Visitor: 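I have a structure I would like to understand better, so I am pasting it below and will then ask my questions one at a time.
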Amino acid sequence: MATTRTDSSRTAARAVPRTADRPGRRGPRRSSRRGGLHTLVFLLPMLIIFGVFSWFPIGRAILMSFQQTNLVTDPSFVGLENFQTVLADPLLWTAVKNTLYFALLALLFGYPIPLVAALLMSEVRRMKGLFSALAYLPVVVPPVVAVLLWKVFYDPGPEGVFNTLLGHVGLGPYAWLQDADIAMPALVLEATWAAAGGTIIIYLAALTGVDPSLYEAAEIDGAGIWHKIWHITLPQLRGILLITFILQIIGTAQVFLEPFLFTDGGPANSTVTVLLLIYRYAFTNSLGGDYGAATALSLMLAIVLALFSALYFRLTRSWSNS
Amino acid sequence: MKPSRIIAATAAAAITAAGLAACSESEDDDGITDITVAIDAGLEQGAIDAFNERVAQFEEANPDIDVETQEYTWTATTFTAQLAGGTLPTVFTAPFTDGRGLIERGQIADISALTAELPYAGDFNPNVAAAGSDADGNMWAVPISAYGQGLHYNRTLFEAAGLDPDAPPATWAEIRAAADQIAEATGETGYAMMTNANTGGWILTTMVYALGGRTEVIDGDTATATIDTPEMREAIDMIRQMRWDDDSMGDEFLYDWGTINQDFASGRIGMYVSGGGNYGNLFTQNALDPDDYGLTVLPLEGAESGVLGGGTLAAVSPNADAEQQAAAVEWIDFYYMEKLTVEAAAVADAQALADSGQPVGAPQLPVFDKATYDESLAWVEEYVNVPLDQMTPYTEQIFDQTLLTEPVRATQEVYAVLDPLVQTVLTDEGADVDALLEQAEADAQAAMDAAA
């Protein structure tokens, strides 16, 4: 500790004379002349927007996680009671397990599929734009419309779209959303379809940045397509792959839309996710909701994801830089 | 700072302050009080026209009140969000089950001094009035309608299955047999059940009541969950038999109130249990063919059996100021209550509805007494356009049935606890009912304790 203090003192001692040498250039006037005030003025709208719509709600949510409030009458501070309530809820662990299951399935299907699709599309010589548009189309469809569409596909009767198709090859009919064992994979399938287009576009953009001379050199050396992908494409996409991986994890950990609109967490809580549980805490009770528990669980989720992200980037730093 | 800048800054501050002050005022400079009133979401144009006609009549009679309509349908989740966000209309509706809780939490305006002045304030059925009153009997919310659960059935599917639509099932065994016959003959769902958004618990509790059971015992301030009872097991057995032995419950097991109405109105469901006054919603929101519709009472079996009843309260937003509260009570009196108590108002309301092709005369339960209710029906007899003949199995028997109020402690939370139980029974043939009931009872008790 003594060493640290000494080092700080030295730093400060070095810093003071430098500013003291030029007294006329200190203060807001100088800042204004150099554009600092202008910068602040131009920043102000964004600071206000972020402050009002992001930072203030986040701060308010943190505060609410220590309060009991129905947002109508005055709140009261309850310490860590909300966190204890959430941690004692047996449904929390069901929700965590379901969320991890969704994340795992989404990773297995949702992560490689866009990559493979982008690689194939990058090899296409003609109508590349058409394929890109088709791939991106599901992203343009409003999510609620997409879910309603897929609900028709998932009709559990023999006349349902998927059951009819599978019936031609002697499979099914399957209950899809009505079966606790396959409801979650069914949600992942739709979520993958809905989100893959955006990732494909990112990969396609990244692929254009790969130096063609690398492929030409590899071809001269007699490399086939798989060798080119393995030794050139994937290493060149490494940075993007790392980012999309963590974005996928964070996105799937916050899955809400599909379980909310398809199944409302059913059947028998088999698709209750952490975010759906937060929603239930806040809104299922028509007499005001437990906003304290909802914000407490939100805060816990945010902390877990932040820690995971930090750990992930620390562990992969060497790989992404190499 | 230059004087011009000081003037500009002062002016801006003054304008802002004036704007903010204006936002908090409900009464304009011209003495008009503005209120927003709830209109059901998703109505057909005819129903909207009829509502707007009533608004125009109200504004004509009350020139100092300006009414804006706001689409609103009570659901547990959206209501909570609107309540917290302060976006409820000035006058909104809520179910009986939430009345006491909203009052105790101060989440609705205290209009008891205004409701006490209503000419019929002392005429309410005491059980009905209690739903909107505090512990001292002060009426914070006005009961505007009441219902008893009923068995809705599709007459066309009954006929297609060789069943007599004029002699609907009178026992639970007959319901099971009819469901089996409908599924077998038509391929449609014989008997469907809501399971989502707390409705699974609502309907399961209805069945338990009909079999003589209860889901709670109240002793003073103490509430005890009674989920694992013989009547509950009988209800679950019945559901399991229809689902797994007869395969008469179709393929959809995640119904909520809206989706089951849709499928029933489109002819995909033979029978289901819901509020007896549901015809209006089925017709105005789901395009029900009136010829398909049939309604009968629930079979009551067992010594303590009764039909679960409920109703709707009209309440006022906690954000309403004194003028708005007074105007809101005027609207409640005009739109919801006068048609029950004043002949001219009843006729005007029925005429506006009938002229726009909206249903008049769907059965309800009286919020005052049966004589008053019968009298109000007689006033509008010539405008009745719902197929009342197809509802006589209900209307001729409902008043002889014992009407039971919904559970009172943590009602919606206990319903939410029962939802996954119903879903499991319907989707898992090997469901461990003992374990499910044990878990549900513990969870229900925890919800009741938390609400105490």
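The structure displayed is predicted, hence computed values, not measured ones. Order of the sequence lines fixes the chain letters, A, B, ..., with proteins taken first and strands second; residue numbering starts at 1 for each chain. What's counted below: heavy atoms across the whole structure, side chains too, no hydrogens, waters or symmetry copies.
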Visitor: If you measure from CG on Asn82(A) to OH on Tyr291(A), what distance do you get to the nearest 0.5 Å?
Guide: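 Answer rounded to 0.5 Å: 13.5 Å.
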
Visitor: Just checking Phe256(A): does its CZ atom have more than 12 heavy atoms from other residues, nucleotides or ligands closer to it than 6.0 angstrom?
Guide: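 Count over threshold, so yes.
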
Visitor: Is it true that atom CG of Asp245(B) has more than 12 heavy atoms of other residues, nucleotides or ligands lying nearer than 6.0 Å?
Guide: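 Atom CG in Asp245(B) is packed in, count exceeds 12.
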
Visitor: Could you tell me which portion of Asp419(B) (side chain, backbone, both or neither) has an atom closer than 4.5 angstrom to a non-hydrogen atom of chain A?
Guide: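 For Asp419(B), there is no contact with chain A at all, as no heavy atom is under 4.5 Å.
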
Visitor: Heavy-atom count check: over 12 atoms from other residues, nucleotides or ligands less than 6.0 Å from Gln68(A) CD?
Guide: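 Check fails, neighbour count at 12 or below.
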
Visitor: For Ala197(B), is it the side chain, the backbone, both, or neither that has a heavy atom closer than 4.5 Å to a heavy atom of chain A?
Guide: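 Contact with chain A is through both the backbone and side chain of Ala197(B).
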
Visitor: What part of Asp155(A) lies closer than 4.5 angstrom to a heavy atom of chain B: side chain, backbone, both or neither?
Guide: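 Just the side chain, heavy atoms under 4.5 Å.
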
